[in-house]
Amino acid sequence: MRKDVLARLAVLMARHRRRVFAAWLLATVAGLLCLPHLLASVVSPPVEVAGSESQRAGEILGAALPSFGKDPMIAVFHSSTHRGVDPPFREAIDAGKIALSEQDGISGVVSLPMVGDYTRATAMPEAMEPLRVLFHDEHTAYVLVGISGGDRERQDRIPAQQAAIDQAARSVSGGTVRSYLVGVAAFGQSVQQAEIADLMRIELVAVPVAIVVLLVGLRSPVAALVPAGIAGAAVVTTLGLFAMLTEVFPVDGMLLVGVNAVGLGIGIDYALFVTNRYREELAAGADRENAIATAAGTTGRTVVYSGLILILACSSLFLVHWHVFVQAAVGVMAVTTVALAASMSLLPAVLVTLTRWLEWRPRWMSRRAALGYVAAEGPPRLARWAEHLMRHPWPYAVAVTVGLLLAAAPVPDLRLGINMEREALAGTAGRVGQDIVDQDAPGLTSTVFVLLRRSADTDRPDIEPLLAALRADPDIAAASGLDDGVDLTALLVVPRHLPDSPAVVPLVQRIRSQIVPAAAPPGHQVLVGGSSALVTDLLTETSAKLWWVIACVLAMMFAMLVVVLRSLLLPLKAIAMSLLATGAAFGLTVLLFQGDRGGEVAELAGQGTIWPQVPLMVFVLLFGLSTDYELFLVRRIQEEYRATGDTRRSVAVGLQRTARPISLAAAILAVAFGSLLVSDISGLRVFGFTIAIALIIDATLIRLVLVPALMQIMGRWNWWFPSFPVAGRPTRGRGPEAENPTEDRERVADAVPTP
């Protein structure tokens, strides 16, 4: 008879628990010591699609025109008392430009036209003068700032650059002129600071609430603290690993928040399920080693399957050529791997050590309530519900399915787009400057660059027809051109819309597919870049890869469940159930987060858009996480079916035995992700709400009603699995009834080595 590896591993960890404790203590302490370095190293991932047209255009622009740089910023000078033509205002601009030029990473500064300034020439008068029509506020002036360096360098330099330019402007103007840096790098730096502040607040909510939920659910302080401790060790160890890899794998604030939420949720869940099974075996009379061997060989195996499914689901994010998806995939895969390692090594050592304390509780806690979930019959209310559901499966199956479909009805209204996080960043220098630009020249930070490349020994192209065609477009406020004198002509195209307006995407698509082919001079390579083109490429890439990711996740999930459950219908049912829960969650998210708001800027920007990476990440995580409950419920039903061959009894018993731990586990995950609602970042709030509500739907309506009802309806078809022809044996469908009903327990018992 084969040995059970997980059971033997659990016993080994329990017998050598001092060494296990020492190893995990070392890893946890190292992780804690590395946290300050990690928090100081966060940086936004590259906001670009690898190999896209906008990325190539940015590289070419930065190399040919350093005054613009790959990722140009706007320096905004503003005074409530002085006009741009007043001497103190002019002196503030000159001082700010000099101070900024002396900072690292500044490749050039170019003044833009000012209201009323008809005499003062800019550095590029022919190129800049056509942009004068954009500006209307005589108390505001703008300077185009070229920056160099990688993504981390550009963001790390923002605080010093902002301090230098603002201090210089205030010094020469007596504090009457202020200056603000606006651009992608400034926005990314502000978002990182907001996410780090949110991380602290989220943890202060999530951890205490999760412990309270465990305490209420388990009615045992020690049993409640064990899963929380395992999850904490996994999260801290994972963050320590990322801290040591910051030079080769940059980490952003959203990744830290995600790793904490996922690690806390699955770390507690995995430990909770194994702990429940261990307590159940102890209550049945097993000694410590046999109890931990059985728990690891049965529930522990399900935990490993669940973790593998989550890891495989996240691997599909590598299909999207946007670094934020790579970060998300690596982060979840890393913390899941560490959580699995903790559940298979640290947890057995802890449980065996604390066995005598697992059932201890203060006098005010009811022993009967504490042990209710491990009783053979299960809580009485669950038993009555299970019997009632088995007698009336059809009405409940139809009612829940219809209800979830109605909840999913708003999904077609889901709108993806870039969110400038106006509320979260209110009061920051970048946000104050952006608000000034939005009111005066809304499209200035949405500038599109049309680049025409030529051979170095050829004449400049005639760009007037192309400029005329661009200016004729109703969504374009101004257009101008300049040449580097060697091999590149650049056209600056300023839309009438803000960067996060839905209108910028069709505008860029129109420039690329209609205006440029019709009006560009022949014989030139034309690339369209800039912030609006970047937004377009991000949305296009996400939309194009959406169905690839969905297909990949569904295929991997189906294959894994077929292997684990040895059934064809159960995996199909699991996929359908996950789709229902996910669709209902997205429908509720649309209703809650896509409400319209008034205001001129809101109208220009568009409201209620959701970051394009959120739906994909939510879909992948939900399918990976919801599979946990499918496996724990169905495998327990399967275990009972192997012993009795009675579908109705098996479903009822499986529901009774798993309903409470599944509900508790879902509550923990809902707390972990629901705590993101305290964030100021709208993307994190949407992310947390969608996953939390989907998990609640999954653990209640799906697992407690729909799955058992459908399994009762399908009967023996649940376990149908075609067998392959073997010489001398007939081919027929088979299921768990053909297996040895005592196989699992004998395998586990055989795995326990003799001391």
Side-chain angles (χ1 to χ4, degrees), residues 44 46-49 52-55 57-58 61 68-76 112 131 134 142 144-145 147 154-155 158 180-191 322 324 415-426 428-450 475-479 492-512 528-542 597 599-613 681-683:
S44 285
V47 187
E48 59 188 12
V49 177
S52 65
E53 184 174 345
S54 59
Q55 184 199 42
L61 182 67
F68 287 73
K70 174 185 176 182
D71 180 21
M73 292 192 300
I74 300 292
V76 182
L112 297 176
L131 303 182
L134 296 171
Y142 306 94
L144 191 65
V145 182
I147 55 177
R154 295 200 300 271
Q155 289 186 37
I158 290 295
Y180 314 95
L181 293 178
V182 176
V184 175
F187 175 74
Q189 193 271 339
S190 298
V191 169
W322 183 4
V324 69
R415 298 191 301 270
L416 303 181
I418 301 301
N419 191 314
M420 299 300 291
E421 301 293 350
R422 289 172 172 79
E423 296 178 3
L425 304 183
T428 63
R431 186 64 255 165
V432 172
Q434 185 69 58
D435 288 338
I436 295 172
V437 178
D438 291 348
Q439 295 292 339
D440 182 34
L444 187 59
T445 53
S446 309
T447 300
V448 177
F449 293 96
V450 180
D475 286 328
I476 294 177
L492 284 70
V493 182
V494 182
R496 299 185 186 275
H497 309 284
L498 303 183
D500 51 349
S501 168
V504 299
V505 174
L507 172 60
V508 171
Q509 293 173 339
R510 194 160 60 248
I511 292 174
R512 286 174 170 172
V528 178
S531 58
S532 293
L534 170 62
V535 171
T536 301
D537 289 340
L538 291 176
L539 293 174
T540 301
E541 173 71 7
T542 307
R597 302 175 186 175
E600 182 180 352
V601 171
E603 183 178 352
L604 287 169
Q607 286 296 332
T609 56
I610 294 174
W611 281 97
Q613 66 267 38
I681 305 294
S682 65

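- Within the 4.5 Å cutoff, the side chain of Leu492 has heavy atoms near those of the Phe449 side chain.
- Put simply, the side chain of Thr542 does not reach to within 4.5 Å of the side chain of Gln613, judged on heavy atoms.
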Leu425/Gln434 under side chain to side chain contact (heavy atoms under 4.5 Å, CB included): CA gap, chis, key distance, verdict: CA-CA 10 Å; Leu425 304 183; Gln434 185 69 58; over 6 Å; no
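- Tyr142 approaches Ile436 most closely through the heavy-atom pair OH-O, 4.2 Å.
- Counting heavy atoms from C-beta outward, Ile74 and Leu144 have side chains that approach closer than 4.5 Å.
- You'll find the side chain of Trp611 reaches within 4.5 Å of the side chain of Ile418, heavy atoms only.
- For Ala441, the side chain to side chain contact (heavy atoms under 4.5 Å, CB included) partners two or more places apart in sequence, or in a different chain, are Leu134, Phe135, Leu444.
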Intermediate values then yes/no, side chain to side chain contact (heavy atoms under 4.5 Å, CB included), Arg431 and Met420: CA-CA 9 Å; Arg431 186 64 255 165; Met420 299 300 291; 3.7 Å; yes
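- Looking only at distances, a side-chain donor or acceptor of Glu53 sits under 3.5 Å from a matching main-chain atom of Val528.
- Note that CG of Leu534 is 9.5 Å distant from CG of Leu539, once rounded to the nearest 0.5 Å.
- Residues Gln55 and Val49 have side chains not in contact (no heavy-atom distance under 4.5 Å, counting atoms from C-beta outward).
- Sorted by first and then second residue, the salt bridge (Lys or Arg N to Asp or Glu O under 4.0 Å) pairs involving residues 529-540 (not counting sequence neighbours) are Arg512-Asp537.
- With sequence neighbours excluded, the residues satisfying side chain to side chain contact (heavy atoms under 4.5 Å, CB included) with Asp475 are Asp473, His497, Leu507, Arg510.
- Taking 4.5 Å as the limit, every side-chain heavy atom of Asp500 sits out of range of all side-chain heavy atoms of Thr609.
- Contact detail for Arg496 and Ile476: the closest heavy-atom pair is NH2-O, 3.4 Å.
- In summary, the side chains of Glu541 and Ser52 do not present any donor paired with an acceptor at a separation below 3.5 Å, with no hydrogens or angles considered.
- The nearest pair of heavy atoms linking Ala57 to Gly529 is CB-CA, 3.7 Å.
- Each of Thr445, Val437, Leu181 was scored for a side-chain contact (heavy atoms from CB on, under 4.5 Å) with Val76, with one residue passing: Val437.
- Here the straight-line distance linking atom CD1 of Ile147 with atom CE of Met73 works out to 4.5 Å at 0.5 Å rounding.
- Among all heavy-atom pairs drawn from Ser532 and Ser446, the shortest one is OG-O, 2.6 Å.
- With contacts defined as side-chain heavy-atom distances shorter than 4.5 Å, the pair Asp438/Arg422 qualifies.
- Contact of the Pro499 side chain with the Phe187 side chain is not registered, since no non-hydrogen atoms from C-beta on lie closer than 4.5 Å.
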